[in-house]
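Both counts, for ligands and for their atoms, begin at 1 and track the order of listing. Because the structure is predicted, anything quoted here is derived from the model rather than measured.
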Amino acid sequence: MSHYKPDHIISNGERFRVWLTEEEIRERTAEIGRELGRQFEGRRPIFIGVLNGAFIFLSDLMRHTPIPCEVDFIKLSSYGDEKVSSGQVTELKEIHADLAGRDVILVEDIVDTGLSISFLADKLSAMNPESLTLVTLLHKVSATTHPVTLDHVGFEIPDRFVLGYGLDYSQEGRNLAQIYIQEDA
Ligand code: 5GP
């Protein structure tokens, strides 16, 4: 059973409440976009979005970054239909762009244990970019066991399951404009 109301939703029978509103997300995304614009003034960076979760954040972030830029995508194995990581990362879609000598901006939806982003940072660094900037919309700081230096973090959040604004629960909820957090059972 699933249904959506503005202040809470039920997804796959579980209840979530609003954690970040549309406006809070938009303001923070615009701020990061402006910072990236200043950081890469006179350059032409390439955004690499991590599918599927980052597609909405990435599209908003790019439109708030007021300089010429490019985009490509990479896809990793996901949580599947579960809410807990399998602890393994597999690549499902490769990057086609040549990243050698480029300013690369990696865009994640959420850093949880940090396993995915450290895997990606190692992989992209091996492609000899001029620079690598790590951006994530959300960071579950207390859950991160694979330490990695994040350059831009939208919001730090508690170690609880969230969905909306690109993030799913069992493929549901990506179209929600706000971010919702799971309520205590
Ligand atoms: P990590 O490798 O850092 O443990 O997990 C990163 C990936 O796990 C994210 O890109 C995302 O796909 C998924 N993930 C982690 N926490 C959540 C969450 O609270 N909600 C959703 N929908 N996905 C999550």
Are Thr133 and His152 close enough that a side-chain donor and a side-chain acceptor fall under 3.5 Å?
->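 Note: Thr133 and His152 side chains miss the donor-acceptor criterion.
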For ligand 1, which atoms sit closer than 4.0 Å to a heavy atom of [X]?
X	answer
Leu115	2 (O), 3 (O)
Ser116	1 (P), 2 (O), 5 (O), 6 (C)
Lys140	16 (N), 17 (C), 18 (C), 19 (O)
Asp168	21 (C), 22 (N)
Glu108	10 (O)

Contact between Gly114 and ligand 1, counting heavy atoms under 4.0 Å?
->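 Per 4.0 Å heavy-atom rule, Gly114 contacts ligand 1.
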Please confirm whether Phe161 comes under 4.0 Å of ligand 1, counting heavy atoms of the residue only.
->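 Yes.
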Name the option, out of Thr136, Leu76, Ile110, Thr113, that contains the heavy atom nearest to atom 11 (C) of ligand 1.
->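 It is Ile110 whose heavy atom sits nearest to atom 11 (C) of ligand 1.
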Winner among Leu163, Ile117, Val111, Asp109 once heavy atoms are compared against atom 10 (O) of ligand 1 =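 Heavy atom nearest to atom 10 (O) of ligand 1 belongs to Asp109.
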If you round to the nearest 0.5 Å, how far is CD of Glu130 from CZ of Arg43?
->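 Between Arg43 CZ and Glu130 CD, I get 5.5 Å after rounding to 0.5 Å.
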Quick one: look at Arg160 and ligand 1, take heavy-atom pairs under 4.0 Å, and tell me if it's side chain, backbone, both or neither.
->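 Contact part for Arg160 vs ligand 1: backbone (N, CA, C, O).
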What are the two closest non-hydrogen atoms of Ala121 and Leu132, and how far apart are they?
->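 Closest heavy-atom pair between Ala121 and Leu132: O-CD2, 3.8 Å.
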Are any of the side-chain heavy atoms of Val111 and Leu150 separated by less than 4.5 Å?
->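 Side chain of Val111 against side chain of Leu150, heavy atoms only: contact under 4.5 Å found.
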Of Ile25, Val162, Ile181, Leu137, which meets side chain to side chain contact (heavy atoms under 4.5 Å, CB included) against Leu20?
->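 Result: among Ile25, Val162, Ile181, Leu137, Ile25 is the only option passing the side chain to side chain contact (heavy atoms under 4.5 Å, CB included) with Leu20.
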Residue list, side-chain hydrogen bond (donor to acceptor under 3.5 Å, both in side chains) with His146, at least two apart or on another chain |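 Scan of His146 (side-chain hydrogen bond (donor to acceptor under 3.5 Å, both in side chains), adjacent residues dropped) gives none.
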On the 0 to 90° scale, with breaks at 30° and 60°, tag the Tyr165-Phe57 ring pair as parallel, tilted or perpendicular.
->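 Rings of Tyr165 and Phe57: tilted, 30 to 60°.
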So is Leu167 polar-close to ligand 1, meaning N/O to N/O under 3.5 Å?
->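 No, there is no polar N/O contact under 3.5 Å.
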Inter- and intrachain pairs under salt bridge (charged side-chain N to carboxylate O under 4.0 Å, His left out), touching residues 47-70, at least two apart =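 Sorted pair list: Arg44-Glu70, Asp60-Arg63, Glu70-Arg102.
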